[in-house]
Amino acid sequence: MRRLLLLLALATAALTASGQAVGLLLRADSLSAANRPADALAAYARADSALHARSTLPPRSWRLRLLAGQARCHRLVGDYRAALRAYEAMRREGLLDIRTALNLSNLYLTLGLYADAASLLEPLRPTVGQATRLLNLASAYAYLGRPADALALLDTAATDSLPAAGQATLWANRGFIALSVGRHAEAAASLRTALALTADSCIVRANLALAESKCGHTAEALAQLDTCLGWQSAHLGQRHPDYAISVRKRAEVLLDAGRPAEAADEFERYFNLTRDYVCR
């Protein structure tokens, strides 16, 4: 009888520990979904402790959920090294599935680890997420100095199956790569398509301005950049680094147009804005 009672007590304790761990994990996921990454990370840490307190190893699905949540939140708060550690743990434990591999490729691209992104993505043959794989792999190729491979890869993407945001990203990437290799008319056409598919994007609009400028359409290019600068000034402020980048692009358009004095003024403004940002 004593032995039976002891077994029942141990089973109840195990169930309680499991329930506590699951509750903490769900709480952390909820905070992450609510865009509260710092609070979510604290909850994930408590969930991790609760999982380790169990008498048996946690199910692999729980472990994957914990590590994937931590990786996402570490990235959101800018702690990329911690995010990489979480992904490395997933890989080491054999938990890196298609979704987390694609998320890891996004992190590699953010960190400029383009060769790592390409090595990760090249062997993947996902049944879902293929468009994301193509977009990220094309970006890696472009930054590795392989624009022809990047454009050829984007040409294989099935755009019809993508949501509007995905199509906009594809056309924006295609336009940026075409611009970088001097295919200006093609770049302008792709960037116009991207801009039509998204509510608004100053990055796409500013790149379109550069493409328009290279095609000799100075007035259209300056109009695009003035729209960017107006929005950024109102919503980001003139001390934001993205505002400074748009100023620099306006200077480049003026220089292309043979207006060096005006361009010099804009380059000086860009220099002062960037210096202020670096000092801060």
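In this text, all values refer to a predicted model and were calculated from it rather than measured experimentally.
- With values rounded to the nearest 0.5 angstrom, Cys73 atom SG is found 11.5 Å from Arg36 atom CZ.
- For the residue pair Asp29 and Ser32, no side-chain donor N or O sits within less than 3.5 Å of a side-chain acceptor on the partner.
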Point to revise | Chi angles and distances behind the side chain to side chain contact (heavy atoms under 4.5 Å, CB included) call for Phe267, Leu254 | key: CA-CA 10 Å; Phe267 276 124; Leu254 290 167; over 6 Å; no
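- In the hydrophobic clustering of this structure, Leu76 does not group with Met90; members are Ile, Leu, Val, Met, Phe, Trp, Tyr whose side-chain heavy atoms approach within less than 4.5 Å, directly or through other members.
- Heavy-atom contacts from other residues, nucleotides or ligands closer than 6.0 Å to CZ of Arg81 number 12 or fewer.
- At least one side-chain heavy atom of Leu120 sits less than 4.5 Å from a side-chain heavy atom of Arg91.
- Within the cation-pi definition used here (under 6.0 Å to the ring centroid, within 45° of the axis), Arg65 does not qualify as a partner of Trp62.
- Between the side chains of Asn272 and Arg269, no donor N or O sits under 3.5 Å from an acceptor N or O.
- Side chain to side chain, Thr274 and Arg248 fail the donor-acceptor criterion of an N or O pair below 3.5 Å.
- Val253 has its side chain out of reach of Asp256: every pair of non-hydrogen atoms, C-beta onward, lies at least 4.5 Å apart.
- Taking CG of Leu154 as the start and CG of Leu170 as the end, the distance is 5.0 Å to the nearest 0.5 Å.
- Remark: the backbone N or O of Leu102 is not paired with any side-chain donor or acceptor of Arg133 at under 3.5 angstrom.
- In this structure, Thr169 contributes its side chain and Ala165 its backbone to a donor-acceptor pair below 3.5 Å.
- In this structure, the side chain of Ser190 does not engage the main chain of Ala187 through any donor-acceptor pair within 3.5 Å.
- Proximity of Glu212 to Arg192: side-chain heavy atoms (C-beta onward) are separated by under 4.5 Å at one or more points.
- Within the 4.5 Å cutoff, side-chain heavy atoms of Asp48 are placed close to those of Arg63.
- A 6.0 Å sphere centred on CD of Glu122 holds more than 12 heavy atoms belonging to other residues, nucleotides or ligands.
- Between the side chains of Glu252 and Tyr270, no donor-acceptor pair of N or O atoms lies under 3.5 Å.
- Cluster membership for Leu124 and Leu137, using ILVMFWY side-chain heavy atoms within less than 4.5 angstrom, is shared.
- Rounded to the nearest 0.5 angstrom, Leu31 CG and Leu26 CG are separated by 11.0 Å.
- Closest non-hydrogen pair, Leu151 versus Ala178, comes out as CD2-N, 4.3 Å.
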Practice item. Carefully, step by step, assess Leu107 and Leu113 under the rule side chain to side chain contact (heavy atoms under 4.5 Å, CB included). Key: CA-CA 8 Å; Leu107 181 59; Leu113 301 172; over 6 Å; no
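- In terms of modelled atom types and a separation under 3.5 Å, the side chain of Thr100 and the main chain of Leu96 share no donor-acceptor contact.
- One distance of note links NZ of Lys249 with OG of Ser213; it measures 12.0 Å at 0.5 Å rounding.
- Contact check for Leu134 versus Leu121: no side-chain heavy atoms found under the 4.5 Å cut-off.
- Taking each heavy atom of Ala140 and Ala117 in turn, the nearest pair found is CB-CB, 4.2 Å.
- Within the 3.5 Å criterion, the main-chain N or O of Val204 finds a donor-acceptor partner in the side chain of Ser201.
- Side chain of Ser119 to main chain of Asp116: no donor-acceptor pair is present (N/O by atom type, distance under 3.5 Å, no hydrogens or angles).
- Under the 30°/60° scheme for interplanar angles, the aromatic rings of Tyr114 and Tyr143 are found to lie parallel.
- The NE2 atom of His240 sits 10.5 Å away from atom OG of Ser246, with the distance rounded to the nearest 0.5 Å.
- Taking both residues in full, the closest heavy atoms of Cys202 and Cys228 are given as O-SG, 3.4 Å, listed atom of the first, atom of the second, then distance.
- With contacts defined as side-chain heavy-atom distances shorter than 4.5 Å, the pair Leu208/Leu195 qualifies.
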Practice item. Give the C-alpha distance, both sets of side-chain angles, the deciding distance and a yes or no for side chain to side chain contact (heavy atoms under 4.5 Å, CB included) between Gln167 and Thr193. Key: CA-CA 9 Å; Gln167 291 187 42; Thr193 302; over 6 Å; no
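- Between the side chain of Arg250 and the main chain of Ala221, no donor-acceptor pair closer than 3.5 Å is present.
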Point to revise | CA sep, side-chain torsions, deciding dist, call: Leu67, Glu93, side chain to side chain contact (heavy atoms under 4.5 Å, CB included) | key: CA-CA 11 Å; Leu67 290 170; Glu93 296 173 28; 4.2 Å; yes
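- Within the 3.5 Å criterion, the main-chain N or O of Asn106 finds a donor-acceptor partner in the side chain of Thr110.
- Taking 4.5 Å as the limit, every side-chain heavy atom of Tyr141 sits out of range of all side-chain heavy atoms of Pro147.
- Both Tyr87 and Tyr108 belong to a common hydrophobic cluster when Ile, Leu, Val, Met, Phe, Trp and Tyr are linked at side-chain heavy-atom distances under 4.5 angstrom.
- For CD1 of Ile203, the number of neighbouring non-hydrogen atoms (other residues, nucleotides, ligands) closer than 6.0 Å is 12 at most.
- Side-chain contact between Val278 and Arg275: absent, with no pair of heavy atoms (C-beta onward) separated by less than 4.5 Å.
- Ala211 approaches Leu191 most closely through the heavy-atom pair CB-CD1, 4.3 Å.
- For the residue pair Leu64 and Leu95, the shortest heavy atom distance occurs at CD1-O, 3.4 Å.
- Atom OG of Ser139 is separated from atom CG of Leu153 by 9.5 Å, given to the nearest 0.5 angstrom.
- Hydrophobic cluster membership differs between Tyr80 and Leu41, with clusters built from Ile, Leu, Val, Met, Phe, Trp and Tyr side chains linked at under 4.5 angstrom.
- In this structure, Asp39 does not pair ionically with Arg27, as no charged nitrogen and carboxylate oxygen lie closer than 4.0 Å.
- In this structure a side-chain-to-backbone donor-acceptor pair under 3.5 Å is present from His235 to Trp231.
- When all heavy atoms are compared, the tightest approach of Tyr277 to Arg239 is CD1-O, 4.5 Å.
- In the hydrophobic clustering of ILVMFWY residues, with side-chain heavy atoms under 4.5 Å counting as a link, Leu104 and Leu111 come out together.
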